[in-house]
Amino acid sequence: MAPPSASADDKLNLLTQPSAIAAPPATKRDKPPQPTPDHKTSDDPVQDMVHLAASRGGGFASLRDPFANADTAFSEKKRDELKLRGLLPPAQQSLDVQILRALEQIRVKKTDLGRYIALAALRQSNVRLFYALIMQNPEETLPMIYTPTVGEACQKFSRIFRQPEGLTISLSDKGNVASIIDNWPVPAGAPRIAVVTDGSRILGLGDQGWDGLGISIGKLSLYVAAGGIHPRATLPIVLDVGTNNEDKLKDPLYLGLRQKRASDEEVLPLVDEMMEALQKAYPNLIVQFEDFQSERAFAYLDRYQNKYRMFNDDIQGTGSVILGGFTNAARLNSKASGRPLSDQRILFFGAGSAGVGVAKQLCAFFTRQGLSQDEARRRIWLVDSKGLITNDRGDKLAEHKVYFSRDDNEGKQYKGLLDVINYVKPTALIGLSTVPKTFTEEILARMAELNPRPIVFPLSNPSSLSECDFETAVQATKGQVIFAAGSPFPETDYEGKHLIPGQGNNLYVFPGIGLAGALAKCGRISDEMITESALALADSLNDEEKAEGRIYPSLKRMRDISAYVCARVIIMANRQGHARDGGYTASMTDDELVSWCRGEMFEPSYEKLLA
Ligand SMILES: NC(=O)C1=CN([C@@H]2O[C@H](COP(=O)(O)OP(=O)(O)OC[C@H]3O[C@@H](n4cnc5c(N)ncnc54)[C@H](OP(=O)(O)O)[C@@H]3O)[C@@H](O)[C@H]2O)C=CC1
Ligand SMILES: CC(=O)C(=O)O
Ligand SMILES: [Mg+2]
């Protein structure tokens with residue numbers, strides 16, 4: 001199976017072990033079993049007709065239903081049929097023309113938050129137009145609905161709130177969570193993907209309480225735009241268990257519980273109840289945990305990953321996307337230095353859920369080069385707020401840091417980042433610290449002295465918290481940096497060469513992972529399925545992107561990338577026995593599977609509304 005838009009021989013030889021795709025192809029059956037109706041995550045004409053029929057009496061109602069609304073695209077015939085004549089201006093315009101108008105209305109807004117609010121209003125009034133606009137203009141619009149703007153939106157979510165777009169499960173609902181879930185207005189296609197946060201660590205912006213709901217909505221918008229999940233099949237959830245954010249508690253407009261964050265002991269039964277109730281209500285639902293404070297993130301992943309169909313985006317999604325990008329970056333770094341790939345030395349600045357999640361996933365990079373698990377672990381150094389993490393530093397380490405704690409520091413402790421760099425001599429510097437501008441010109445220049453092509457990934461979000469920006473990294477390394485940041489940065493030129501920054505953000509993988517879980521009805525999202533998503537992402541660079549020096553593919557191809565990631569995750573799920581679709585996906589060849597995943601995606605067109 002060739003990666004999307006890539007030539008057949010485009011696979012990275014770097015992967016010394018055969019990837020899942022190189023495994024024996026699934027045997028093709030004479031007659032594959034037919035999918036059951038709930039295989040579909042794509043548009044549902046029957047459901048659309050229900051909406052249309054419901055609105056026939058009222059006419060105007062169809063213009064107020066985001067799923068039934070085609071606005072000025074309604075044909076003469078439909079305008080008569082739905083009693084819309086006179087309610088719309090005479091001009092009949094296509095979706096493409098509507099996109100031009102919507103773009104103009106968004107561009108005229110003066111602030112990022114203004115553009116976020118305008119886009120949210122569009123989503124709430126015309127779902128198809130919203131997603132068509134995003135999909136046609138991803139590079140311009142994703143920063144408006146996702147990082148960096150979603151961070152500011154979460155900080156002010158109670159203030160910009162207009163209408164509910166997600167489910168709130170709060171402490172006061174304990175014992176009644178099933179009935180709360182029952183209140184979610186589910187049409188024929190039940191939710192397939194839920195994103196749940198407790199708002200305790202939204203991007204790098206700390207505790208946002210109930211306002212964290214904005215991140216669940218933002219991630220699910222990407223599930224639709226990049227992963228093709230039907231918008232009606234998405235379920236944004238916030239677990240409101242209080243907040244320690246004093247500003248919010250004092251703000252009269254704050255919409256969450258006005259109390260301090262409840263203790264973990266008090267919250268755990270509520271999370272258990274939620275997982276149980278979700279599973280009962282929607283047996284095929286995939287639950288993505290998002291932006292939980294690190295220790296809770298690890299604890300819930302440990303507690304639920306072998307019991308429910310869930311994964312943690314910050315630990316596993318980030319681990320995957322960085323393994324994918326690092327795989328490509330290491331090739332460029334090693335080619336320039338001549339050192340073997342297995343000789344990469346990776347320094348993490350930040351050892352929270354994201355740092356440790358990525359570090360664990362990167363072990364897979366080294367084991368694929370033939371190193372043992374223990375040798376792989378030793379290629380990784382972690383720095384937290386107290387300096388290099390070592391066994392004899394004298395403080396009690398949080399459990400998630402212990403595995404990578406060093407015992408080879410010969411009693412010396414290293415605190416400042418430059419000291420650590422001089423000691424470790426890393427080939428790669430990865431920032432997941434939430435501390436902005438910590439990769440100074442001096443640090444970056446030192447990385448360039450140590451490496452002809454240093455790998456620098458300032459991954460903290462949003463942009464204002466990034467450890468450095470692209471322009472600084474390019475200048476300080478004289479154009480040699482191999483760069484990816486968590487949030488988007490502008491392209492730049494250096495000595496006549498055009499340079500494009502990578503965006504090392506889990507948005508490249510979580511839509512494909514979730515879609516795979518939904519389409520193949522996976523019983524579990526295993527670690528191997530996550531690793532496979534990373535390898536698929538690494539393989540998905542096409543020749544043009546390689547020539548441009550990219551380590552991540554263009555976001556213009558986000559749906560093709562998600563379909564490819566999805567297919568490879570499904571192949572792994574089938575191999576491990578996690579798919580529960582009665583052999584349907586296993587009956588396809590690899591290429592058929594990619595096409596099928598792509599074909600199952602929701603397309604935001606008016607075709608069925610105008611038929
Ligand atoms: N690009 C992407 O796709 C993703 C990016 N992220 C981003 O990663 C960042 C971190 O997330 P997460 O791991 O959950 O957050 P945490 O707050 O759990 O972790 C932050 C880590 O940075 C360390 N740190 C804080 N200050 C300093 C300092 N001055 N010097 C050195 N280390 C420091 C902390 O140390 P200590 O442990 O001692 O407190 C901690 O280990 C966020 O900005 C988030 O947006 C997260 C997921 C995905
Ligand atoms: C991208 C993401 O998941 C985060 O910054 O938390
Ligand atoms: Mg996150």
Side-chain angles (χ1 to χ4, degrees), residues 142-143 146-148 150-151 154 195-208 212 214-216 218-219 222 288-298 301 311-326 347-361 381-389 393 395-402 404-405 414-420 429-439 443 457-467 484-489 502-510 534 537 552:
L142 289 183
Y146 188 52
T147 184
V150 72
C154 287
V195 174
V196 60
T197 186
D198 70 349
S200 56
R201 188 288 267 151
I202 296 298
L203 307 183
L205 299 167
D207 189 344
Q208 303 300 326
I215 200 68
S216 301
K219 292 274 176 182
L222 291 189
Q288 171 169 321
F289 276 57
E290 190 69 46
D291 288 6
F292 284 75
Q293 178 271 338
S294 285
E295 294 202 10
R296 263 173 243 135
F298 283 110
L301 180 60
F311 68 101
N312 180 292
D313 185 39
D314 298 292
I315 300 171
Q316 298 173 291
T318 315
S320 161
V321 82
I322 302 309
L323 172 58
F326 181 82
L347 178 59
F348 282 84
F349 187 66
S353 59
V356 172
V358 174
K360 283 195 172 151
Q361 201 65 66
W381 288 258
L382 299 186
V383 170
D384 65 10
S385 61
K386 299 193 183 76
L388 185 67
I389 298 179
R393 197 170 68 172
D395 59 328
K396 181 161 168 36
L397 295 178
E399 207 179 313
H400 62 269
K401 298 178 184 173
V402 171
F404 291 103
S405 176
Y414 301 85
K415 187 153 171 57
L417 181 55
L418 191 57
D419 287 347
V420 182
L429 176 61
I430 297 184
L432 286 157
S433 67
T434 75
V435 194
K437 300 190 174 30
T438 32
F439 295 175
I443 298 277
F457 286 2
L459 298 174
S460 289
N461 292 320
S463 330
S464 58
L465 299 184
S466 185
E467 286 80 2
S487 298
F489 279 101
Q503 188 176 354
N505 191 296
N506 43 36
L507 77 91
Y508 277 107
V509 289
F510 69 75
L537 176 63
Y552 287 105

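First listed ligand is number 1; within each ligand, the first listed atom is number 1. Bear in mind the structure is a predicted one, so any value in this text is a computation, not a measurement.
- Residue S294 holds the heavy atom nearest to atom 16 (P) of ligand 1 of all those in A485, S294, G416.
- Between Y146 atom OH and N461 atom CG the span is 7.0 Å, to the nearest 0.5 Å.
- At a 4.0 Å heavy-atom cut-off, ligand 2 does not touch Q503 at all.
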Query raised in the report: Yes or no on side-chain contact (heavy atoms from CB on, under 4.5 Å) for L142 and L222, after CA distance, side-chain angles and deciding distance?
Result: CA-CA 8 Å; L142 289 183; L222 291 189; 3.4 Å; yes
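- When distances from the Mg ion (ligand 3) to the N, O or S atoms of D314 are compared, OD1 comes out shortest.
- For the ligand labelled ligand 1, residue V435 lies inside the 4.0 Å heavy-atom shell.
- If you look at N505 next to ligand 2, the close heavy atoms, those under 4.0 Å, all belong to the side chain.
- Atoms of ligand 1 lying under 4.0 Å from at least one heavy atom of S460, given by number and element, are 7 (C), 9 (C), 43 (O).
- Atom CG of L323 sits about 9.0 Å away from atom CG of L537, to the nearest 0.5 Å.
- The distance from ligand 2 to the heavy atoms of E290 drops below 4.0 Å at these ligand atoms: 3 (O).
- Side-chain atoms of Q288 and F311, non-hydrogen and from C-beta on, do get closer than 4.5 Å to each other.
- Neither the backbone nor the side chain of Q288 has a heavy atom within less than 4.0 Å of ligand 2.
- Closest protein heavy atom to atom 12 (P) of ligand 1: R201 NE, 3.7 Å.
- With respect to atom 19 (O) of ligand 1, the closest heavy atom belonging to the protein is G352 CA, 3.4 Å.
- At the shortest separation from atom 5 (O) of ligand 2 among protein heavy atoms lies N461 ND2, 2.8 Å.
- Atoms of ligand 1 found under 4.0 Å from any heavy atom of S433 (numbered from 1 in listed order, with element): 20 (C), 22 (O), 24 (N), 25 (C).
- A donor-acceptor distance shorter than 3.5 angstrom exists from the side chain of T318 to the backbone of D313, with no hydrogens or angles considered.
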Query raised in the report: Could you go step by step and tell me if V356 and I315 meet the side-chain contact (heavy atoms from CB on, under 4.5 Å) rule?
Result: CA-CA 7 Å; V356 172; I315 300 171; over 6 Å; no
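- Closest to atom 23 (C) of ligand 1, if we only count protein heavy atoms, is G350 CA, 3.9 Å.
- Remark: distances from the non-hydrogen atoms of K401 to ligand 1 include one below 4.0 Å.
- Ring geometry for F457 against F326 counts as perpendicular: the plane angle is over 60°, on a 0 to 90° scale with 30° as the lower cut.
- Nearest protein neighbour of atom 32 (N) of ligand 1, counting heavy atoms only, is D384 C, 3.2 Å.
- The main-chain N or O of A351 is found under 3.5 Å from a side-chain atom of H400 such that the two form a donor-acceptor pair.
- When the options T318, L382, N461 are ranked by their closest heavy atom to atom 43 (O) of ligand 1, first place goes to N461.
- Y552 places a side-chain N or O within 3.5 Å of a backbone atom of V321 that can act as its donor or acceptor partner.
- A donor-acceptor distance shorter than 3.5 angstrom exists from the side chain of K415 to the backbone of S385, with no hydrogens or angles considered.
- The name of the N, O or S atom in E290 nearest to the Mg ion (ligand 3) is OE2.
- Within ligand 2, the atoms closer than 4.0 Å to a non-hydrogen atom of D314 are 2 (C), 3 (O), 4 (C), 6 (O), numbered from 1 in the order shown.
- The backbone N or O of Q293 sits less than 3.5 Å from a side-chain atom of S200, completing a donor-acceptor pair.
- An N or O contact shorter than 3.5 Å links N506 to ligand 2 by distance.
- Between the side chain of N505 and the backbone N or O of G486 there is at least one donor-acceptor pair closer than 3.5 Å.
- The Mg ion (ligand 3) is closest to atom OD1 of D291 (considering only N, O or S atoms).
- Close approach to G486 involves these atoms of ligand 1, each under 4.0 Å from a residue heavy atom: 1 (N).
- Counting only distance, with no hydrogens or angles, the side chain of R296 and the backbone of D198 share no donor-acceptor pair below 3.5 Å.
- In L507, neither the side chain nor the backbone holds a heavy atom less than 4.0 Å from any atom of ligand 2.
- Near N506, the atoms of ligand 1 lying under 4.0 angstrom from a non-hydrogen atom of the residue are 3 (O), 48 (C).
- At least one heavy atom of D313 sits under 4.0 Å from some atom of ligand 2.
- Between F349 and ligand 1, no pair of N/O atoms sits closer than 3.5 Å.
- Of the possible polar contacts, one joining the D291 side chain to the L203 backbone as a donor-acceptor pair under 3.5 Å is found.
- For ligand 2, the atoms sitting less than 4.0 Å from at least one non-hydrogen atom of K219 are 1 (C), 2 (C), 3 (O), numbered in the order shown with element in parentheses.
- In the vicinity of Y146, heavy-atom distances shorter than 4.0 Å reach the ligand 2 atoms 1 (C).
- Distances from ligand 2 to the non-hydrogen atoms of F510 include no value under 4.0 Å.
- Nearest protein heavy-atom neighbour of atom 38 (O) of ligand 1: S385 OG, 2.6 Å.
- The CD atom of Q503 sits 6.5 Å away from atom OH of Y508, with the distance rounded to the nearest 0.5 Å.
- A distance-only check finds a donor-acceptor pair linking the side chain of T197 to the backbone of E290 [under 3.5 Å].
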**Report entry** side-chain contact (heavy atoms from CB on, under 4.5 Å) between L465 and L205, intermediate numbers included
**Finding:** CA-CA 9 Å; L465 299 184; L205 299 167; 4.0 Å; yes
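- Only the side chain of D291 comes within 4.0 Å of ligand 2, judged by heavy-atom distances.
- Residue S433 holds its OG atom at 11.0 Å from CG of D384, rounded to the nearest 0.5 Å.
- Looking only at protein heavy atoms, the nearest one to atom 21 (C) of ligand 1 is A351 N, 3.5 Å.
- Against a heavy-atom cut-off of under 4.0 Å, T434 is close to the following atoms of ligand 1: 9 (C), 10 (C), 42 (C), 43 (O).
- Checked by atom type and distance alone, the side chain of S353 never pairs as donor or acceptor with a backbone atom of S294 at under 3.5 Å.
- T438 and E467 share no side-chain donor-acceptor pair at under 3.5 Å.
- Here is the list of ligand 1 atoms found below 4.0 Å of a heavy atom in L459: 1 (N), 5 (C), 7 (C).
- Of the protein's heavy atoms, L432 CD2, 3.3 Å lies nearest to atom 8 (O) of ligand 1.
- Within the structure, the closest approach of D314 to ligand 1 falls below 4.0 Å when heavy atoms are considered.
- Protein heavy atom nearest atom 1 (N) of ligand 1, with residue, atom name and distance: G504 O, 2.9 Å.
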